[in-house]
Amino acid sequence: MKFIYPHLGLLLTLSLSFVACGKKATFKENETREKLIDPTQEEIHFKALKELKRSVNEDDLEALKKVILNHPFIDLNEHFNDNGETLLITSIKKDHREIRNYLLEKGAKTEKASVNLETPLMAAVAYGRTNSVKLLLDLKVDLEKKDINGDSALHIALKRSKDEIALLLMKQGANIHGVDGNSKNALKLAEEFNSLSSLEMIKSMMDLEQGAPDVKTFKKIILQTDVNKVKTILNRYPKIIYDKSYQGFNALGLLIDSGEEYEALQIAQLLIEHGLEVNGPKDATKSPLIEATILDKKSFVGLFLNNGADLRILDKTGRSALIHAIENNNPGMVSLLLAFSAEKKYHYSSPTTKRVFDACEVARLTAKRLQNQYERESNKYIRNSLLDCGVVIWPF
């Protein structure tokens, strides 16, 4: 034994060394494995950007929301794709409206251009995305920015024969005198690319710059529902509406039947504020109020009533707005007219006719021609709840 003990310390030292080496080797292996498993911040950011691009391109709103939620500091206004576009521009071009709206909600900039200086508005115009054009115009984007070719949004619209969009831009105040990279203004481009509606508006705007429009020109401007142009005319010539010739044509009647109801309402309000007779010309077949009632334009009816429209005015057959609403079986319109004290019963006489119009009787006669249960229920509501006609039995 005494020969073994001297070597015992050596054995223990060697054993401990082997254990230490083993632990060190294991630690290095774990460290290497952790590096392989845990990506760096740069890799995480790259993956996030890649997923952002994919979700916008493929219209995957839920994936987009998830990326933005998990990476709140990511810059949505970077130039993401090979064309140097922002995510907003891409979503507009692809007409991914929910994606577009969410990007705007989360801070995407409406003025951030691509590397070619193409703005979101220019992209919307070029691709004919009218919905996006209207949205961006509502957000008051800059109409006069130019891309790398020297084209503004209006120049792009004219060159691509996007007549409807060009009209929208001009109504919002786009400069018709600005030139493109080839020194061509809007008039030249409209002629070159055969944009007929735009050409007519541009000429009309140029005429306006020369002086007050005549009645024929003013009527055209009304039909174009160009709010800014009408506002310019009225501000420059505030007494123009008091001229009998301008009062003579039924401007409000023209606006009621316009396809652009929001703009038409704005113009109607402007005209009334500047002195246009809310009841229309005296020799008109129907007053603006009756016209709006027949066409079920409640917004116009409300506008006219709030500006003093006379509910007692009758059409050529002796019918009031209320009688028309009842015959149209329109409870909403009947309710609106009654709220402004429309008469339920009145006498009408003409050189050939004398008649009593009774709202309840008209409602009962209307019920006889109704075709389905929904119409009958509407009529019943008009009679019982709105007109309070009571119960009357008559033969069918």
Side-chain angles (χ1 to χ4, degrees), residues 77 79 81-86 88-90 92-93 109-214 216-218 220-221 223-233 235-237 260 263:
N77 296 293
H79 294 133
N81 64 15
D82 296 335
N83 297 324
E85 296 173 354
T86 63
L88 181 59
I89 291 174
T90 301
I92 287 171
K93 287 185 175 181
K109 295 178 181 177
T110 58
E111 303 289 0
K112 179 67 175 181
S114 71
V115 293
N116 292 323
L117 305 183
E118 180 185 45
T119 64
L121 178 63
M122 293 174 192
V125 171
Y127 280 71
R129 307 304 186 197
T130 306
N131 182 277
S132 289
V133 170
K134 289 180 178 179
L135 174 63
L136 292 166
L137 291 177
D138 286 342
L139 294 173
K140 308 299 181 188
V141 296
D142 188 346
L143 302 181
E144 303 310 321
K145 284 192 172 182
K146 294 187 176 182
D147 64 14
I148 200 169
N149 299 312
D151 289 334
S152 68
L154 178 58
H155 297 146
I156 294 168
L158 294 171
K159 288 179 179 181
R160 300 198 179 214
S161 299
K162 307 288 186 186
D163 236 6
E164 180 187 356
I165 292 176
L167 293 174
L168 283 173
L169 294 169
M170 286 188 282
K171 286 178 183 180
Q172 289 295 317
N175 180 16
I176 61 172
H177 299 293
V179 296
D180 68 359
N182 295 315
S183 301
K184 294 179 180 179
N185 63 14
L187 179 63
K188 291 288 186 184
L189 293 174
E191 289 173 339
E192 182 178 341
F193 293 91
N194 202 32
S195 297
L196 299 181
S197 297
S198 297
L199 183 60
E200 184 179 355
M201 178 174 275
I202 292 165
K203 287 181 177 179
S204 175
M205 291 173 76
M206 287 180 168
D207 289 341
L208 174 59
E209 291 171 353
Q210 302 303 313
D214 58 22
K216 185 178 178 181
T217 304
F218 190 58
K220 278 185 179 181
I221 293 168
L223 287 169
Q224 291 169 346
T225 59
D226 188 337
V227 179
N228 283 333
K229 192 184 294 185
V230 172
K231 192 180 293 185
T232 301
I233 293 171
N235 287 338
R236 190 175 295 174
Y237 310 102
E260 302 288 343
E263 289 83 358

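Since this is a predicted model, take the numbers as computed values, not measurements.
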Check: [X] side chain, [Y] main-chain N or O, donor-acceptor pair, under 3.5 Å:
X    : Y    : value
S183 : V179 : no
N77  : K109 : yes
D147 : N149 : yes
H79  : A113 : yes

With the side chain counted from C-beta on, respond yes when [X] and [Y] share a heavy-atom pair under 4.5 Å apart, and no when they do not.
X    : Y    : value
L199 : K203 : yes
P120 : L136 : yes
V133 : L121 : yes

Under-4.0 Å salt bridge between [X] and [Y]:
X    : Y    : result
K171 : E263 : no
E85  : K93  : yes
D180 : K146 : no

Can you measure from [atom1] ([X]) to [atom2] ([Y]) and round to the nearest 0.5 angstrom?
X    : Y    : atom1 : atom2 : value
D226 : L167 : CG    : CG    : 8.5 Å
E118 : I92  : CD    : CD1   : 9.5 Å
I202 : H177 : CD1   : NE2   : 10.0 Å
E200 : S195 : CD    : OG    : 13.0 Å
I156 : K162 : CD1   : NZ    : 11.5 Å

Worksheet item: Which atom names give the shortest non-hydrogen contact between M122 and D151, and what distance separates them?
Response: CE-O, 3.8 Å
Worksheet item: For S197 and D163, which heavy atoms make the closest approach, and how far apart are they?
Response: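 Looks like N-OD2, 3.0 Å.
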Show me the side-chain donor-acceptor pairs of residues 137-145 shorter than 3.5 Å, one per line, residues at least two apart or across chains.
| from | atom 1 | to | atom 2 | distance (Å) |
| --- | --- | --- | --- | --- |
| D142 | OD1 | E144 | N | 2.9 |
| E144 | OE2 | N175 | N | 3.0 |
| K145 | NZ | E111 | O | 3.3 |

Practice prompt. Just do the side chain to side chain contact (heavy atoms under 4.5 Å, CB included) check on K229 and M201 with the steps written out, would you?
Written response: CA-CA 10 Å; K229 192 184 294 185; M201 178 174 275; 3.5 Å; yes
Item to complete: List the steps and the verdict of side chain to side chain contact (heavy atoms under 4.5 Å, CB included) for H155 and S152.
Response: CA-CA 5 Å; H155 297 146; S152 68; 3.2 Å; yes
Discussion item. Checking S198 against L158 for the side chain to side chain contact (heavy atoms under 4.5 Å, CB included) test, could you report, in this order, the C-alpha distance in whole Å, the side-chain angles of both residues, the deciding distance, and whether it holds?
Written reply: CA-CA 8 Å; S198 297; L158 294 171; 3.6 Å; yes
Practice prompt. Determine whether more than 12 heavy atoms belonging to other residues, nucleotides or ligands lie under 6.0 Å from atom CZ of F193.
Written response: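 Above 12, so yes.
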Discussion item. Under 3.5 Å, is there a donor on one side chain and an acceptor on the other for T119 and K112?
Written reply: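 Distance-only check fails for T119 and K112.
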Discussion item. Go through it in stages, so that I can follow the logic: the residues are I233 and I221, the test is side chain to side chain contact (heavy atoms under 4.5 Å, CB included), and I'd like the CA-CA distance, side-chain angles, deciding distance and then a yes or no.
Written reply: CA-CA 10 Å; I233 293 171; I221 293 168; 3.5 Å; yes
